Each structure stands twice: as C-alpha cells, then as structure tokens.
Q: 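Handing you a structure now.
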Amino acid sequence: MIGRAIATALLAALAAAPALAASKTIEYGTGACSYKLRFDPAKVNETQLRDTLRLLFDAPVPDLFDQPDPARLQKQIAAAEQSCKAKLDEIGRLKLLAVPGVEAARDQLRAETELSCRMSLAELRGFTDPAQLNGFTTEPKCTFYIDALAGRVPKAKALETLSAASCADNASPARCRKEFADRAGDDTKYRIDLLSYGWRNCVLHAPDQPASDGNAARNEIGEKIIARYKIKESCED
C-alpha cells in the first residue's frame, strides 16, 4: 500500500516536471520600475523578448547635438557619422517578437533616428556651408537663419531677429539680448548662435515637423507586453 502510494507520488512528480520546466523567469528594468517576467521558452524566444523590450523602452532617438568647433569640425562630423551608423545598425539587428505594432515601431524609430542624424550632421556642415541646412522645413522664419549664415542678411538684423526669438521667454530678456550682442563680436560664436539658437530651435518648432511622440507610442506597446508576462513589479516612489 505504501509502495503504491510512493509510486503514485513519483508519477505525479514526473508528470509535473515538464510543466515546471516549461516556464522561465527573467528580470527586466525600465525607468523607476523593475519586473519579473515569466514565459514559456517553447513559445517565446528570450532574445526576441529582451530585444523587443529594448526597442520599446531603451532605444531612444540619439541626441547628437554638438556645437560646431572650427578646430575639430571634421572630427565632429566623422564622429556623428559613426554614431549614426552604429545606432541604425543596432536598430536593424534587434530580433523582435511577432507582436502587432512592433515592426512598425522599429520603422518609426529608424525614421526618427535618420532625421536626427541628418539634422545634426547638417548643423555641423552648415557652419561652413549653410546650403546644407536646406530641406528640413519650408518655414520662412527658419530659412532666414540660413540666409544670415550665408551673409545675405545684415548682421544687425540677424542679431535682432535671433535675440527677439530666443529671449522672449527668458527670465531676464535684457540680459539675454546683451549676451547675444556680446557673443556676436566673435564671428565663430555668432555663427554658432545662428545655428543652435536660431536655425535648430526654429526647425524643431516649425509647424511642418512631425508632431507624434514616438517614444510614448513605443512605451505603450512595451507596457502591454510587460503586462502579459509580468509576475512581479517593484517601482521606486
């Protein structure tokens, strides 16, 4: 009787073993929260799960903004080109889950990254060749800065327009204007200000620029995936 009971228990344990082996738990953290995720490795590839979460939470559009430095301009351009290539290659290498919206999220991130790269490289190249700045917007307020960099706008007028646009919301508009005026005495600083505070800020806020928040859309998909596999969540206050 006891032997039969042991045999029955052993058979039950063996039957349960595959079920236990069929699940795997990993840890993942994003922002202020960390999670334990459980999934069936026979149905869900761990690399694909991790890469998908990386795409949706940990692969933001790179900020390659770097003020032009005439002494190392070519090195800055080469570094930006290398960073862009590395980022785009990384996006392409990610192995993703076959979940609705994920491939579209990859395409969106790639497009946003390409635009960021084009703009950063144009800004560096535009320091010596303002024509590189064309093609990002049709907003006349932005093309004004291209003309100013090309010398087609009197310096006094360019400085007044730049100061008016940049200092309007400053806590001390008068001091802000004076700082721009002082910097304008140095041609390098004047051109940097036209590029960074003038052209770049104008393009970023131009009405014909993409208005969608790609990161928010990607995070929303990621949150749904986490909710599907989450068994534990811990968030900092």
Side-chain angles (χ1 to χ4, degrees), residues 18-66 79-124 135-139 142 196 200-237:
L20 292 174
S23 68
K24 182 171 184 177
T25 301
I26 63 172
E27 294 185 357
Y28 175 75
T30 179
C33 296
S34 60
Y35 305 92
K36 283 190 176 181
L37 309 177
R38 180 174 293 166
F39 59 94
D40 181 351
K43 298 178 181 179
V44 178
N45 181 280
E46 180 180 348
T47 298
Q48 290 180 334
L49 177 57
R50 289 185 180 277
D51 277 7
T52 299
L53 293 175
R54 173 165 176 73
L55 172 81
L56 299 174
F57 289 110
D58 302 321
V61 176
D63 181 6
L64 300 172
F65 174 67
D66 191 8
E81 289 175 335
Q82 185 176 3
S83 295
C84 287
K85 183 179 185 306
K87 183 64 178 180
L88 290 168
D89 286 348
E90 177 192 354
I91 293 172
R93 285 196 305 269
L94 293 174
K95 301 181 184 301
L96 305 179
L97 295 173
V99 174
V102 169
E103 278 296 342
R106 190 209 305 258
D107 291 341
Q108 183 183 37
L109 178 61
R110 182 185 289 114
E112 292 173 359
T113 300
E114 288 173 344
L115 178 59
S116 176
C117 287
R118 283 179 50 234
M119 188 169 178
S120 296
L121 284 165
E123 186 169 359
L124 290 170
F136 289 89
T137 178
T138 58
E139 173 57 50
C142 303
S196 302
R200 170 178 275 269
N201 283 346
C202 185
V203 171
L204 291 175
H205 296 93
D208 56 0
Q209 293 303 294
S212 62
D213 184 349
N215 278 335
R218 287 187 286 274
N219 289 173
E220 184 177 351
I221 299 173
E223 287 165 3
K224 292 179 181 178
I225 293 175
I226 284 179
R228 180 175 181 180
Y229 299 110
K230 178 179 68 177
I231 59 172
K232 185 178 179 180
E233 175 180 350
S234 176
C235 297
E236 297 178 2
D237 293 334

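Keep in mind the model is a prediction, meaning the values are calculated, not measured.
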Q: Decide yes or no for Y229 and I26: does some side-chain heavy atom of the first lie under 4.5 Å from some side-chain heavy atom of the second?
A: no

Q: Against V102, only a single residue in D107, L97, L94, I221 fulfils side chain to side chain contact (heavy atoms under 4.5 Å, CB included); can you say which?
A: I221

Q: So, taking the atom named CG in D208 and the one named SG in C142, what distance separates them when rounded to the nearest 0.5 Å?
A: 7.5 Å

Q: So which atom in T47 and which in N45 form the shortest heavy-atom distance, rounded to 0.1 Å?
A: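 That closest heavy-atom pairing would be N-OD1, 2.9 Å.
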
Q: For S116 and E112, indicate whether the former's side chain and the latter's backbone hold a donor-acceptor pair under 3.5 Å.
A: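 Checking the backbone N and O of E112 against the side chain of S116, no donor-acceptor pair under 3.5 Å is found.
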
Q: Run the side chain to side chain contact (heavy atoms under 4.5 Å, CB included) test on I91 and T113 for me, step by step, so that the C-alpha distance in whole Å, both residues' side-chain angles and the decisive distance to 0.1 Å come before the verdict.
A: CA-CA 9 Å; I91 293 172; T113 300; 3.7 Å; yes

Q: Should E46 and R50 count as an ion pair when the cut-off is N to O under 4.0 Å?
A: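 Answer for the salt bridge query: yes.
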
Q: Please report the shortest heavy-atom distance between I226 and F57, naming the atom on each side.
A: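 Closest approach of I226 to F57, heavy atoms only: CD1-CE1, 3.7 Å.
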
Q: To the nearest 0.5 Å, how far apart are OH in Y28 and CG in L49?
A: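 So the gap between those two atoms works out to 9.5 Å.
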
Q: Rounded to the nearest 0.5 Å, how far does CG of L55 lie from CD of Q108?
A: 10.0 Å

Q: Are any non-hydrogen side-chain atoms of S120 and R200 less than 4.5 angstrom apart?
A: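 Yes, at least one pair of side-chain atoms sits under 4.5 Å.
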
Q: Should Q209 and L204 count as side-chain neighbours, where that means a heavy-atom distance under 4.5 Å?
A: no

Q: Considering non-hydrogen atoms only, spot the tightest contact between R110 and G92 and give its length.
A: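 Closest approach of R110 to G92: NH2-CA, 4.0 Å.
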
Q: For the residue pair A105 and L56, what are the closest heavy atoms and their distance?
A: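 Result for this residue pair: CB-CD2, 4.0 Å.
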
Q: Charged N to carboxylate O under 4.0 angstrom, R106 versus E103?
A: yes

Q: Provide the closest heavy-atom pair for G135 versus R118 in the form atom of the first, atom of the second, distance.
A: O-NH2, 4.3 Å

Q: Please test K224 against E220 for side chain to side chain contact (heavy atoms under 4.5 Å, CB included), starting from the C-alpha separation and ending with a verdict.
A: CA-CA 7 Å; K224 292 179 181 178; E220 184 177 351; 4.2 Å; yes

Q: If you round to the nearest 0.5 Å, how far is CG of D58 from CZ of R218?
A: 11.5 Å

Q: In Å and rounded to the nearest 0.5 Å, what is the OG1 to CG distance from T25 to L37?
A: 8.5 Å

Q: Taking only residues two or more places apart in sequence, or in another chain, which ones meet E233 in a side chain to side chain contact (heavy atoms under 4.5 Å, CB included)?
A: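 If we apply the side chain to side chain contact (heavy atoms under 4.5 Å, CB included) test to E233, skipping adjacent residues, the hits are C33, Y35, K230, C235.
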
Q: Which value, rounded to the nearest 0.5 Å, describes the distance between C117 atom SG and K85 atom NZ?
A: 12.0 Å

Q: Can you list the steps and then say if D51 with R54 is a salt bridge (charged side-chain N to carboxylate O under 4.0 Å, His left out)?
A: CA-CA 5 Å; D51 277 7; R54 173 165 176 73; over 6 Å; no

Q: Side-chain contact test, heavy atoms from C-beta onward, threshold under 4.5 Å: evaluate it for I225 versus T52 and give yes or no.
A: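 A side-chain contact exists here, since the closest heavy-atom pair is under 4.5 Å.
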
